[in-house]
Amino acid sequence: MQNSLSHLAYLALEHQIVTLTLEPGALVTEKQLIEMAGQGRTPVREAIQKLAWQGLIHVRPRVGLQIAEIRPDDHRHVMQVRRELEPIAAALAAVHADEQQRDQLQQCARLMAGCAVTGDLPGFFAADKTFDEILEDACPNNFITSALGPVQTHARRLWYSTGAADRMDRAIAMHVQAIAAICGGDANNARAAMAALIDHLSGL
């Protein structure tokens, strides 16, 4: 999303959905989302469009806006996509990321490590979202990143819904390892580290 206000609105609402402040199945109004996002009507409408495209909000004619339910098969389906595509994206990012993106990835790793110390699961998810967006920018294959964006967000929401804060430390350590592999510039190492991370997350 090119408009920075729209992106800020999207990030705010996405975080509310992922952390279940906006509960699955809840009916909401545009006015409520404007208040939650802290942005104007146009940026929020653009954010809603993206969230609808990602399958996180359903626009119901004559009903309004509904936060997507969590279905029994969602975790299996989400991880199936991530297991195939995310290692490829990591390998491509390892080769193509520029110096600024590598610096940003290292900052993400530091933020994640800090969240492990404090037990800050929402903070980790915010850092993980930033990681996903840097990976998207660094990966030159936009077909892969377009497919990954929605499932990564769904995966965070599913994990949050399980109350898995007690299993956060190992996941963060593996995220940090994957980031280090990408920053190291070795495609094979990055692919393997990301595959190991996804395998771990598949079992949460």
Do any N or O atoms from the side chain of [X] and from the backbone of [Y] form a donor-acceptor pair under 3.5 angstrom?
| X | Y | result |
| --- | --- | --- |
| Gln106 | Asp103 | no |
| Thr130 | Ala126 | yes |
| Gln32 | Thr29 | yes |
| Ser146 | Phe143 | no |
| His15 | Leu11 | no |
| Arg102 | Ala97 | yes |

Residue Gln100 excluded, over 12 heavy atoms near CD under 6.0 Å: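 Open.
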Step through the shown structure and confirm whether more than 12 heavy atoms of other residues, nucleotides or ligands are within 6.0 Å of CD on Glu30.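 More than 12 heavy atoms, drawn from other residues, nucleotides or ligands, come within 6.0 Å of this atom.
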Taking the side chain as C-beta and beyond, is there a heavy-atom pair between Leu51 and Ile17 under 4.5 Å?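 With C-beta onward as the side chain, the pair touches.
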Side chains of Thr145 and Glu133, heavy atoms from C-beta outward: is any pair under 4.5 Å?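 They are not in side-chain contact.
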Answer yes when Arg157 and Asp74 have at least one side-chain N-carboxylate O distance shorter than 4.0 Å, and no when they do not.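 Looking at Arg157 and Asp74, the cut-off is not met.
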State whether a side-chain donor-acceptor pair under 3.5 Å links Gln54 with Glu14.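 No, no side-chain donor-acceptor pair sits under 3.5 Å.
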